[in-house]
Protein chains: 2
Amino acid sequence: MIPDLLTAAQFSTVYNALSLVIAAQLFTAIFLLVSLPRVLPRYRPAVTIALIVCGIAVYHYFRIFDSFNAAFATDSVGGSDGYAQVAGIGFNEGYRYVDWLLTVPLLLVELIAVLALARKMQNRLLLQLVPAAILMIALGYPGEVSGDLGVRTVFGVLSSIPFFFILYVLFIQLSKSLALQPVEVRGTLSRLRFLLVLSWGVYPIAYLLPALDLGADGWVWKQVGYSIADIVAKAAYGLIIYQVAKTKSWIEDPEFAEHERPLSHPLRTVADLDKAA
Amino acid sequence: MIPDLLTAAQFSTVYNALSLVIAAQLFTAIFLLVSLPRVLPRYRPAVTIALIVCGIAVYHYFRIFDSFNAAFATDSVGGSDGYAQVAGIGFNEGYRYVDWLLTVPLLLVELIAVLALARKMQNRLLLQLVPAAILMIALGYPGEVSGDLGVRTVFGVLSSIPFFFILYVLFIQLSKSLALQPVEVRGTLSRLRFLLVLSWGVYPIAYLLPALDLGADGWVWKQVGYSIADIVAKAAYGLIIYQVAKTKSWIEDPEFAEHERPLSHPLRTVADLDKAA
């Protein structure tokens, strides 16, 4: 599956894409860590999980980046003759699955945590989402590492079953809980599910790209596709979770909002909600 | 584009310039992190983004520095015979674009954040500035990596379109919001736009330098020019954002100012503004 030869442009594209993911996730994690006091303590678990997810991705992308750099080499100045796979070291695609096995369940925990639901409802949703997420990743792995298209297809289909179950929980079960969220964040939270599902949609596309037999170009676009999907699903997603946590904090604690919000920013608090009711 | 041979003086100049950027950005980031409690909570997002921008630059300059050191080697004692490009490793110019793709939009977010505008106005400005900044960098990249002068020119012109749109938003659209800022920071904020645009002006000059065919000297000055522009546009700019945030914090909260300002420093607060009105 891994091409024997990459042009200098193909090599640079993968190199820069992998490095971009490291920078984006590392500094999103640092931003969220520094910004933790900007939300009420009750929303800090959600933001903490968001920064942990980005941190786990940074660790794995450092490994993927180093593995890629070691696996390809050139004899020419500036790589003008292209980069060939070297003997002795193979590019380890499995890393991504180890990353996802940890981060994908946590992304769902992050979403449930920022909703701040009643304990019973929260536990019920987590007991459905977390095992399904682990199953989805675990069933994708044997297909990814297999060179056989039949094996890829079987495990691709098996892995879709927990995926569709997650969709069912997010879009049917969760809808009742979303209706109880403050109107300021309801739209964002609803769209967040689509962001999650759309960015996850890149993975099966990248998974099936080798079947199209696009050669080295197909492989390069698979790496770029995974990289962009990881930035959207972890860093961008985490920043939106933080925005939701911040807005809910302002609404629920007017004294906190008084210090945190810009003076020109209109403030609607739980007190106003009571007045309107 | 990358010269085959650098003299010892040319090699040292690039080496020292790249290292200077690492030192300047790293310690500006640390200074801003330590100084975060010196501004009111409502201005900490702006200062946090300023330190994140410097941090992202540090990450990329470590990679650029290592790439430069690995790409050139000398056989002579102390490099007296000059440094030649070695086979097997190319100096990766693309890093700068990956850095700018993340930092240039954030520099604009930083400026808008310190203005502390009403949410609606803030979102409107960000929806114009951030996509334009991403487009400007993305359109510059194909020209930068191309050896062909025609391709460089076409993408240089395309990339100028979002650049001029950003100028329009900063100097026409933003002027009304600036008029609402306290008089103590209005001049600084206005000049900050010029600092941003002037330091950005170095990039197109450096971009076009290869067209002048100055050989290795042209390439060395391009590296030095990019380095100085990055220090001005990120570290110096971030420190000015911090000064603005500090001044606005003192004005808006006299009790905070009482603890923060030097005793001999004159203090004007919102209370005085009310009296004058």
Side-chain angles (χ1 to χ4, degrees), chain A residues 8-9 11-39 58 65 69 72-81 83-84 86 184 227 231 235 239 242-243 246-247 250 256-268, chain B residues 1-2 4 29 32-33 36-37 40-49 51-60 63 67 71 84-95 97-99 101-103 106 113-122 141 145-146 177 180 248 252-253 256 270:
Chain A
F11 180 84
S12 298
T13 303
V14 175
Y15 189 102
N16 289 335
L18 296 176
S19 181
L20 172 66
V21 181
I22 293 177
Q25 310 270 26
L26 176 58
F27 290 96
T28 302
I30 295 175
F31 175 83
L32 293 175
L33 182 64
V34 173
S35 302
L36 212 48
R38 304 274 76 72
V39 303
V58 171
F65 183 87
N69 266 320
F72 288 89
T74 182
D75 290 331
S76 52
V77 171
S80 52
D81 292 346
Y83 290 74
V86 296
E184 284 87 345
S227 299
I231 292 176
L239 291 171
Y242 166 67
Q243 285 299 333
K246 206 164 68 166
T247 305
W250 292 7
F256 182 75
E258 203 56 58
H259 291 98
E260 290 288 334
R261 76 183 169 99
L263 286 181
S264 58
H265 197 290
L267 180 63
R268 199 183 70 109
Chain B
M1 292 308 198
I2 303 169
D4 291 329
L32 292 175
L33 181 64
L36 213 47
L40 287 180
R42 70 175 67 107
Y43 292 112
R44 288 179 200 167
V47 177
T48 306
I49 297 168
L51 77 88
I52 288 294
V53 164
C54 292
I56 293 174
V58 170
Y59 167 77
H60 286 110
R63 287 235 181 267
S67 172
Q85 273 204 70
V86 296
I89 295 152
F91 179 53
N92 186 343
E93 296 253 45
Y95 276 137
Y97 279 79
V98 180
D99 178 70
L101 194 63
L102 293 169
T103 54
L106 287 176
V114 87
L115 296 178
L117 303 172
R119 175 71 58 101
K120 212 173 153 185
M121 171 63 102
Q122 174 174 310
Y141 181 73
V145 295
S146 165
S177 303
L180 301 172
K248 289 181 79 175
E252 290 171 13
D253 188 338
F256 183 74
V270 271

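Numbers restart at 1 for each chain; the letters A, B, ... are given by sequence-line order, proteins then strands.
Listed by chain and number, the residues in a side-chain hydrogen bond (donor to acceptor under 3.5 Å, both in side chains) with B/Q122 amount to none (sequence neighbours excluded).
Heavy atoms closer than 4.5 Å to chain A are found in the side chain of B/Y141, but not in its backbone. For B/L33, the part lying near chain A is the side chain, with the backbone staying farther off; criterion is any non-hydrogen pair under 4.5 Å. Neither the backbone nor the side chain of A/F72 comes within contact range of chain B; no heavy atoms are under 4.5 Å apart. Neither the backbone nor the side chain of A/A73 comes within less than 4.5 Å of any heavy atom of chain B. Contact of B/L40 with chain A is not made at all, since no heavy-atom distance falls under 4.5 Å.
Chosen from B/T48, B/D4, B/I56, the residue pairing most often with chain A at heavy-atom distances under 4.5 Å is B/I56.
To the nearest 0.5 angstrom, B/H60 atom NE2 is 14.0 Å from B/Y97 atom OH.
Here the side chain of B/Q85 pairs a donor or acceptor atom with the backbone of B/I2 at under 3.5 angstrom. Of the possible donor and acceptor atoms, one in the side chain of B/K248 sits under 3.5 Å from a partner among the backbone N and O of B/V114.
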Return all side-chain donor-acceptor pairs below 3.5 angstrom for residues 12-22 of chain A, not counting sequence neighbours, or 'none' if the list is empty.
{"from": "A/S12", "atom 1": "OG", "to": "A/A8", "atom 2": "O", "distance (Å)": "3.0"}
{"from": "A/T13", "atom 1": "OG1", "to": "A/A9", "atom 2": "O", "distance (Å)": "2.6"}
{"from": "A/Y15", "atom 1": "OH", "to": "B/Y95", "atom 2": "OH", "distance (Å)": "2.6"}
{"from": "A/N16", "atom 1": "OD1", "to": "B/N92", "atom 2": "ND2", "distance (Å)": "3.2"}
{"from": "A/N16", "atom 1": "ND2", "to": "A/S12", "atom 2": "O", "distance (Å)": "3.3"}
{"from": "A/S19", "atom 1": "OG", "to": "B/Y59", "atom 2": "OH", "distance (Å)": "2.9"}

